[in-house]
S.K.: 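My questions all concern the structure below.
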Amino acid sequence: MDNNCLFCKIIKGDIPSDKIYEDDDVFAFWDIAPQAPKHFLVIPKKHISGPAAMTAEDEQLIGKVIRVGAELARRNDIGDNFRVVFNNGEGAGQTVFHIHMHILGGRNMGWPPG
Ligand code: AMP
Ligand code: ZN
């Protein structure tokens, strides 16, 4: 828990979110500014600032973030065609420094990404 972190506050319930799923390890909610017809975020409850701040002990946890995200995509009618994004660093578009996986679906995705 980082007292200054927006996503830690969302996990705690201090800031409301449109929650999709929660268990002991992870939390998922719809993105407030969706970039696709279906766009949600999956985050670990543990505060990790981003992919580059991960340690070996976080590997299983972030693996779970990915597995749960794929399951939630199926459950929310996205199916098996979706884009997974982890932004790392301001230059890559990271604006919230609590590691989060974007899942975007419901439309065709261009490649390469911008
Ligand atoms: P990033 O730019 O990769 O750091 O992604 C941060 C994401 O969090 C953006 O897609 C924002 O739209 C989203 N976001 C910011 N604040 C909230 C919030 N209160 N509830 C839901 N999503 C949020
Ligand atoms: Zn946090």
Side-chain angles (χ1 to χ4, degrees):
M1 172 80 193
D2 175 332
N3 289 327
N4 295 314
C5 170
L6 173 67
F7 286 174
C8 283
K9 289 178 189 165
I10 284 179
I11 291 164
K12 219 176 146 204
D14 288 351
I15 290 177
S17 68
D18 190 1
K19 182 167 88 174
I20 304 172
Y21 175 82
E22 176 177 14
D23 66 23
D24 287 347
D25 305 312
V26 307
F27 191 99
F29 53 108
W30 294 105
D31 197 291
I32 203 167
Q35 302 301 313
K38 304 239 173 154
H39 181 183
F40 67 87
L41 304 173
V42 188
I43 61 179
K45 288 190 169 176
K46 177 182 178 184
H47 180 87
I48 301 164
S49 62
M54 281 177 63
T55 64
E57 71 170 25
D58 301 322
E59 288 172 2
Q60 199 168 353
L61 179 60
I62 301 307
K64 180 170 179 180
V65 164
I66 297 170
R67 180 183 61 75
V68 167
E71 174 62 28
L72 294 175
R74 280 183 220 116
R75 277 198 231 163
N76 288 277
D77 303 320
I78 295 171
D80 283 340
N81 292 295
F82 54 82
R83 174 70 45 80
V84 171
V85 176
F86 284 89
N87 290 322
N88 190 88
E90 275 175 34
Q94 187 178 8
T95 58
V96 180
F97 290 84
H98 180 127
I99 190 170
H100 49 280
M101 182 179 74
H102 297 258
I103 289 208
L104 301 115
R107 64 166 165 83
N108 288 327
M109 297 292 159
W111 192 262

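In listed order, ligands and their atoms are each counted from 1. What's counted below: heavy atoms across the whole structure, side chains too, no hydrogens, waters or symmetry copies.
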S.K.: In this structure, would F40 and I99 fall into the same cluster of hydrophobic residues linked by side-chain contacts under 4.5 Å?
M.R.: yes

S.K.: Do I11 and I43 come close enough that some side-chain heavy atom pair is under 4.5 Å?
M.R.: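 In contact.
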
S.K.: I need the contact type for I32 against ligand 1. Using non-hydrogen atoms and a strict under-4.0 Å cut-off, is it side chain, backbone, both or neither?
M.R.: both

S.K.: Rounded to 10°, how many degrees is the angle ND1/H47-the Zn ion (ligand 2)-SG/C5?
M.R.: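 About 110°, to the nearest ten degrees.
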
S.K.: With heavy atoms under 4.0 Å as the rule, classify the contact between W30 and ligand 1 as side chain, backbone, both or neither.
M.R.: backbone

S.K.: Under 4.5 Å between side-chain heavy atoms, hopping through other hydrophobics if needed: is there a path connecting I48 to I66?
M.R.: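 Linked, I48 and I66 end up in one cluster.
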
S.K.: Could you tell me, atom by atom, which parts of ligand 1 come under 4.0 Å of a heavy atom of A33?
M.R.: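 Every atom of ligand 1 under 4.0 Å from some heavy atom of A33: 12 (O).
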
S.K.: Below the 3.5 angstrom mark, is there an N/O of N87, backbone or side chain, next to an N/O of ligand 1?
M.R.: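 In this structure, N87 places an N or O atom under 3.5 Å from an N or O of ligand 1.
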
S.K.: With a 4.5 Å heavy-atom cut-off, do I103 and L72 have their side chains touching?
M.R.: no

S.K.: What is the nearest protein non-hydrogen atom to atom 19 (N) of ligand 1, stated with its residue, atom name and distance?
M.R.: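 Ranking protein heavy atoms by distance from atom 19 (N) of ligand 1, first comes I10 CD1, 3.7 Å.
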
S.K.: Would you indicate whether the side-chain heavy atoms of N87 and H102 approach each other to under 4.5 Å?
M.R.: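 The answer is yes; the side chains approach within 4.5 Å.
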
S.K.: Need the ligand 1 atom indices (1-based, order shown) with element for anything under 4.0 Å from a heavy-atom of H102.
M.R.: 1 (P), 3 (O), 5 (O), 7 (C), 10 (O)

S.K.: At a 4.0 Å threshold, what atoms of ligand 1 neighbour a non-hydrogen atom of H100?
M.R.: 1 (P), 3 (O), 4 (O), 5 (O), 6 (C)

S.K.: Is the shortest N/O to N/O distance between F7 and ligand 1 below 3.5 Å?
M.R.: no

S.K.: Using distance alone, determine whether Q94 and ligand 1 share an N or O pair under 3.5 Å.
M.R.: no

S.K.: Find all atoms of ligand 1 within a distance of less than 4.0 Å from any non-hydrogen atom belonging to V96, and give their numbers and elements.
M.R.: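 Taking each heavy atom of V96 in turn, ligand 1 has 4 (O), 6 (C) under 4.0 Å.
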
S.K.: Tell me, which protein residue and heavy-atom name are nearest atom 2 (O) of ligand 1, and how many Å apart are they?
M.R.: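 The answer is G93 O, 2.7 Å.
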
S.K.: So, is L41 polar-close to ligand 1, with some N/O to N/O distance under 3.5 Å?
M.R.: no

S.K.: Starting from the Zn ion (ligand 2), look over the N/O/S atoms of H98 and name the nearest one.
M.R.: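 Restricting H98 to its N, O and S atoms, the minimum distance to the Zn ion (ligand 2) goes to ND1.
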
S.K.: Which residues pass the side-chain hydrogen bond (donor to acceptor under 3.5 Å, both in side chains) test with Q35, sequence neighbours left out?
M.R.: none

S.K.: For F29 together with F7, are the ring centres under 6.0 Å from each other?
M.R.: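 F7 vs F29: aromatic centres under 6.0 Å.
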
S.K.: Could you identify the single nearest non-hydrogen protein atom to atom 11 (C) of ligand 1 and state the distance to 0.1 Å?
M.R.: D31 OD1, 3.4 Å

S.K.: Any nitrogen or oxygen of L6 lying under 3.5 Å from a nitrogen or oxygen in ligand 1? Just yes or no.
M.R.: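 No, since none of the N or O atoms of L6 sits under 3.5 Å from an N or O of ligand 1.
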
S.K.: CG/L6 to CG/D14 distance, rounded to the nearest 0.5 angstrom?
M.R.: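 Atom-to-atom, L6:CG and D14:CG are 11.0 Å apart.
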
S.K.: Could you tell me whether I15 approaches ligand 1 through its side chain, its backbone, both or neither, with non-hydrogen atoms closer than 4.0 Å?
M.R.: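 No part of I15 comes within reach of ligand 1.
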
S.K.: Could you tell me if the side chain of R75 sits less than 4.5 Å from the side chain of Y21, heavy atoms only?
M.R.: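 Sidechains of R75 and Y21: in contact.
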
S.K.: Taking C-beta and beyond as the side chain, do F82 and M109 meet within less than 4.5 Å on heavy atoms?
M.R.: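 No, too far: nothing below the 4.5 Å cut-off.
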
S.K.: Can you confirm whether D24 sits close enough to K45 that some side-chain heavy atom of one is under 4.5 Å from a side-chain heavy atom of the other?
M.R.: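 A side-chain contact is absent here, since even the closest heavy-atom pair is not under 4.5 Å.
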
S.K.: Tell me: protein heavy atom nearest atom 4 (O) of ligand 1, and distance?
M.R.: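 Its nearest protein heavy-atom neighbour is T95 N, 2.6 Å.
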
S.K.: Measure the shortest side-chain to side-chain distance between I10 and H98 over non-hydrogen atoms and say whether it is less than 4.5 angstrom.
M.R.: no

S.K.: Taking only non-hydrogen atoms of S17, do any sit less than 4.0 angstrom from ligand 1?
M.R.: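 Distance cut 4.0 Å: S17 fails for ligand 1.
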
